[in-house]
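The next block holds one structure in the form of C-alpha cells; read it before the comments.
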There are 2 protein chains.
Amino acid sequence: MSETPAAAKRGIPPKSDFREWYPFIVEAAELVDKRYPIKGMDVWRPYGWKTMRLIDDVTHQEMERTDHGEVNFPLLIPEDLLEKENRLVSLLKTAREKGVDPSELRMEGEPEGFANEVYWIRHAGEAELDKAMFLRPTSETAMYTMFPLWIRSHADLPLKTYQIVNTFRYETKQTRSFIRVREIHFFEAHTAHIDEADATRQIEEDLEIVENLMNELKLPVLVTKRPVWDTFPGAWYTIAIDVVMPDGRTLQVASVHHYRDQWARAFDITYEDASGSQQYVHQTTYGMSERLLGAIVASHGDDRGLVMPPSVAPVQVVVIPIISKGDSSDVISESERITSELKAAGIRVRLDSRDIRPGQKYYDWEIKGVPLRMEIGPRDLANNSVMCVRRTGGKQSHSMDNLVDTVRSELDIVGEEMKQQSSDHFNSRIKTLPAFMVDGTDLIFDQAIEKGMVYEMAFDGNDAEAEMIEKGTDLSFLGDSTEAYKKKVPCAITGKPTTRRVFLAKPY
Amino acid sequence: MSETPAAAKRGIPPKSDFREWYPFIVEAAELVDKRYPIKGMDVWRPYGWKTMRLIDDVTHQEMERTDHGEVNFPLLIPEDLLEKENRLVSLLKTAREKGVDPSELRMEGEPEGFANEVYWIRHAGEAELDKAMFLRPTSETAMYTMFPLWIRSHADLPLKTYQIVNTFRYETKQTRSFIRVREIHFFEAHTAHIDEADATRQIEEDLEIVENLMNELKLPVLVTKRPVWDTFPGAWYTIAIDVVMPDGRTLQVASVHHYRDQWARAFDITYEDASGSQQYVHQTTYGMSERLLGAIVASHGDDRGLVMPPSVAPVQVVVIPIISKGDSSDVISESERITSELKAAGIRVRLDSRDIRPGQKYYDWEIKGVPLRMEIGPRDLANNSVMCVRRTGGKQSHSMDNLVDTVRSELDIVGEEMKQQSSDHFNSRIKTLPAFMVDGTDLIFDQAIEKGMVYEMAFDGNDAEAEMIEKGTDLSFLGDSTEAYKKKVPCAITGKPTTRRVFLAKPY
C-alpha cells in the first residue's frame, strides 16, 4: 500500500506549491479551523493547541532556568497610558532625525504611535465609558505603569518577568494562520537592570535562550541586528531572529530589544543606587509568538503533511496493530502493553485501534507529522520484535526488549534528520550577492539576482546606499549578522574593507 | 523568636476580620497587585500566577483522564452571532412562564440577553467596524457556531472539548480579587452527545471531576441543583458547587449545566444517526474560574497569612539554613545538597539563603503559606537531622536519610490537617433551619436565625413558599442537595414528607 497516491487523492497540494500547501495543511492536520467568522482569528483545535502548549513548555523551562518570574497583566489598557508611549516614540524619531541623543530632548508635542493598529473599547453594556481602553498589541505600556511600584532600590534589580498571553493587532494586510493573525498567541519577557551593561548581558542571555529553543525546534535561523529604520519603536537597538521559509522568504520568529533607559525616562522608572541617589533603570524585551509553529509547519513539512520535532510533537509515537484475518487478540493486547510501557516512561504515545485499514491510519498520522510509527503484526509478535517507521524516512525492526531506550533513540534520530534537512535547505538558500556596478541610481549585476534567495554581502555604506541596494535587488535589509566576517572584506558598494556582514531578503 | 507579633507589627489584620484580612493578604502574599488603573482588573504576580497555573494543571490532568480535547477559541464574537443566543434565552423564559416544553415554541420576537454585561468593540485603528464585536463573557455562542462544522455523524460523538481562557464581564457590583473581577481566568468544558441520557452521564463525570479537584484543594463543598429561577440561561438544569467562606457566606466556585437539545435547536447542531436521519445533539457545559484560588485563600488562610494545599503550592518546601556566628559553610553546603535532592525528586523546593535573620524568613514564607519549612543548623548537621515545621502547626526533627520520603509524608500530613480543619469549619457552619410558623407572609421562628450560617431543611413547597422563606430568613435558596435525605422528613413549610434537602445561604 502506497501512501503518496492516497495523499494526492485527498488533495494535499505538493509542497513545492507552498502558497497552496501551507493553508491546506494547517487545516488538514487539524491545527486550526479557519471558518470562524472573523478574518485573521482562527480556532485552535486540540492538535494545534497541544503543539503550541508544548512549544510554550520549552519556553517556560528556559524562563525558569534563567530566573524569570511569570506574570499575567490585564488585556485592557486605558487610553491615557498610551500618551507616554506615543510621546516616547515621537521623541526617538526626532532624535534620530536630528542625530542627537534622545536624553537631550524633552517629551512634548503631539504624540504619534500605533493608534491605527489597535482595537478600541468605548462601550460596555449600554454605557459609554468615561475612559476609552484598547486591547494590548504588546505590554510595554501596561507593565511600565507597574514597574515603578515594584522597583525601589538596586536590591530589586534585575527584575526579570515574562508572560504568555493573547495580543491583538488590527491587521489590514492579508492574514495567514500563525504568520499574520489578528489575535496573536504571544510571549514577551520584560526586564529592568541597574545599567546599560547589565541590560546588554540580558540580551546575550536572550540570544542563548533563542539558540536552545531553535535547537529543540530544529530550526536554523538568521540572527541580525536590524537597521535603524527597522528598529522597534522605543528601542536603542533590535536583534531579530528569522527563519528562511520554503519559498526563500524570511519570517521573523523572535526579537530582542535593548531599550537603554529610554522607556524608564518616559515612565519614570528609577531605583535608589548604593550611594542613595535615584537612577533610571535600563530595560530589555524579548518577544516571540505562534509564528514559531508557523515556522515548524513550513520548514519541516513535506508532500505528505507535517513533520513534528519530537520535543513538541503532541503524539511522539503511534502504535498500530496489524490485524490479519485470524485471531488478533494477541496483537491487540501486546499493542496495549507497549503503549502502557511507553506512556509510563513519559513518552507521548497513542494506540490507534480504529477499525479501519492500516494504510488509512498511516495516512492520518503522517499528515499530522507523528515522528515515529510502530507497527505490530503476528509475525513481529512471533519474533518478539516491532517495526519502527520514521516520519523522516526509513524503517527498521527492533526487539521488544528495552523498548523505551529504542524509542528514545529513534526519536533522537528523527530529530537529527530534521535538523540536517532544515540546515541543508537553509544553506542552499543563502548566497553571496553577485558583484555589481552602480549606474546613476541603478545597479548592474554580473549575474542575475535569483528569486527565493537570501543574499549576504559585506557592507559599510550609508542609509542612502542601503536604499539603493534594496531598490536594485528588490530585497530588504534584514540587518547585520551577529556573526561578522572573521577577516575584513571589501564593502559591496564602497569597496572599503569591513567585517560587517549584512543579509538581504524578502521578508513575510 | 515569635512570629505572631511580627505579623501584627506588619499589619496583617486578624482573619476574624475577614473583610479586612482578605484584600490585605492577596497583596501581602504577592498573589496580585490591585494598583493597575482599571477597576476589577488585577495584575497577577509570579507567586499568584504560578498557583493558578498549578490549579489549572490539576484540571488539565482530569480533562486528559476523561478524554477532553483542549481547544482555544478567539476572544472576539461578532454581534450577529449573539442573536441566536438571545432568542434562545427569550424562548426558554417564555416556555417557563407558560409551563410548556421549549421545543414546542418557535424562536421569534425581540431577543433579550446579556448585552448589558459585555465590552463592545466598534472601532479598530481609526475605522468604525462594519460589524460590532464583543469580548466573550463565556463561549457558548462562539463554540456552537463551529460545532455544526465538526459534528456530522454519531461517530463524531461524544465531542468533549474544553478551554482555559480569559473572559470578560462588565461588573457594576463591588469587585474583589479572584471573587468578582472584570477579566476572569476561566475554565469551560463544552460537550455534545447523542441523547439526553449520554449528556446526563457527562454531568455525572463532571461531578466526579469536581470531587477529585476539591479533594486536591482540600475544599469541602455544597453540591446543589439550583432552583429554576437561578438556572443558567439556556440550561435545562444547573448543578452548582459552593464553598462556605469564613464569614459563612457561600461562594460558587463551579457549575455544570445540562442543556438537553435547547442550544442545538438554536444553533442547528445535528448529527446523522445510525438509521440515517438527522437528530439534535444534547449538550453540557462545566465552568470554573479563578474563584478556586479565592476559595483557597479564604478557606485555608490564618492570622499569619496563606496556607497553600501541597498539590498546588508554588513552593512546597522552603529550606532555611540557620547560621551561627562561627563557620557556616557546612550548613550552607548541606542546605544546597538537600535542596538539590528534593528538586531532583520533583518536589517544588526553594532555598532561602538571603542574608537576613531566620525570623524574617519564617515570616515571609508563612505569609505565602509554604506547607513545609526545613531548618538546618550546626546542631542538626551534627545529628544528621533536619527540623521540619508544618505550616498547619507542629514541628519534628527527622533523619537526613530518606529525606524525599519524609518530605512527601510531611506534605501529606499538612494536606490531611488542612482537610480536617476546613471540614470542621464547613460542618460548624451548617445547621438545620429552626422550626417556624407562618403568620400571613411572615415567619415566626422558634429560635433566632444566626448570621453567617448555611441552613438546611426539608422542602417540598412551591415557588411562592420558597420566596416567603427567602424573605423570612434573609437568605437565598442555593437549591436541592445532590445528597437527599435518606428517609422522608416533613417539609419545613407544608409538613408533607419529602427527601428533598434544600440549602439556604447568603451567597457572594
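Chain letters run A, B, ... following the sequence lines, proteins first, then strands; residues in each count from 1.
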With a 4.5 angstrom heavy-atom cut-off, which part of [X] approaches chain B: side chain, backbone, both or neither?
{"X": "A:I77", "value": "both"}
{"X": "A:I121", "value": "both"}
{"X": "A:A142", "value": "both"}
{"X": "A:D80", "value": "neither"}

B:F73-A:W49 aromatic ring centre distance below 6.0 Å: no
Check: A:H60 ring centre within less than 6.0 Å of A:Y162 ring centre: yes
Which one of [options] has the most heavy-atom pairs closer than 4.5 Å to chain A?
{"options": "B:R53, B:M41, B:M143", "result": "B:R53"}
{"options": "B:P37, B:P74, B:G69", "result": "B:P74"}
{"options": "B:L81, B:V32, B:V165, B:L135", "result": "B:L135"}
{"options": "B:T172, B:V71, B:T161", "result": "B:V71"}

Distance-only polar pair, side chains of B:D56 and B:H185, donor-acceptor under 3.5 Å: yes
Distance-only side-chain donor-acceptor flag, B:Q360 / B:D364, under 3.5 Å: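 Note: B:Q360 and B:D364 side chains meet the donor-acceptor criterion.
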Which portion of [X] sits near chain A, non-hydrogen atoms under 4.5 angstrom:
{"X": "B:M133", "value": "side chain"}
{"X": "B:E70", "value": "both"}
{"X": "B:I38", "value": "side chain"}

Nearest heavy-atom neighbours spanning A:S177 and A:K34: OG-CD, 3.3 Å
Minimum heavy-atom distance B:A313-B:M308, with the two atoms named: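 Minimum heavy-atom separation between B:A313 and B:M308: CB-CB, 3.7 Å.
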Geometric class of the A:Y119/A:F168 ring pair [parallel <30°, tilted 30-60°, perpendicular >60°]: perpendicular
N/O donor-acceptor pair under 3.5 Å between B:E183 side chain and A:L75 backbone: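 Yes: the side chain of B:E183 pairs with the backbone of A:L75.
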